[in-house]
Amino acid sequence: MTLAMRSLLTLFLVFFCSVSESQVRSDHLPPGAEPIEVNNQTVFYKNGYFYRKGPDAYTRIEPPLGARVSRVPFGTPITLGNKHYMLAGNGTFFY
């Protein structure tokens, strides 16, 4: 692994580990939120954010590993090795 790749990987990990999604609760999902299945659970997705239905509200959650979405939000393109990612404004990396 080259020094540049190690530096990018370190930057990726530092940023990823330091980003904290506050758990925002709401009575309603954002308009246009779509249901997706991840690990045998239904979550909802809109503009880079994921939500889970609770007993009395929807809660914004950390992006579930392995989630596949129909649209990736606008963000910053990042290349690690030969893989291209998009870093959304909320700190989520999309592949």
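- In terms of heavy-atom proximity, His84 sits nearest to Thr79 at ND1-OG1, 2.9 Å.
- The two residues Asn39 and Leu65 make their nearest non-hydrogen contact at ND2-O, 3.8 Å.
- Listed by chain and residue number, nothing satisfies the salt bridge (Lys or Arg N to Asp or Glu O under 4.0 Å) test with Asp27 (two or more places apart in sequence, or in another chain).
- The shortest distance between side-chain heavy atoms of Asn47 and Pro30 does not fall below 4.5 Å.
- A distance of 12.5 Å separates CZ in Arg25 from CZ in Arg52, rounded to the nearest 0.5 Å.
- Under the rule for a ring pair (Phe, Tyr, Trp, His ring centres under 6.0 Å), the partners of Phe44 that lie at least two apart in sequence or sit in another chain are Tyr58.
- Of all heavy-atom pairs spanning Glu62 and Phe50, the tightest one is O-CB, 4.5 Å.
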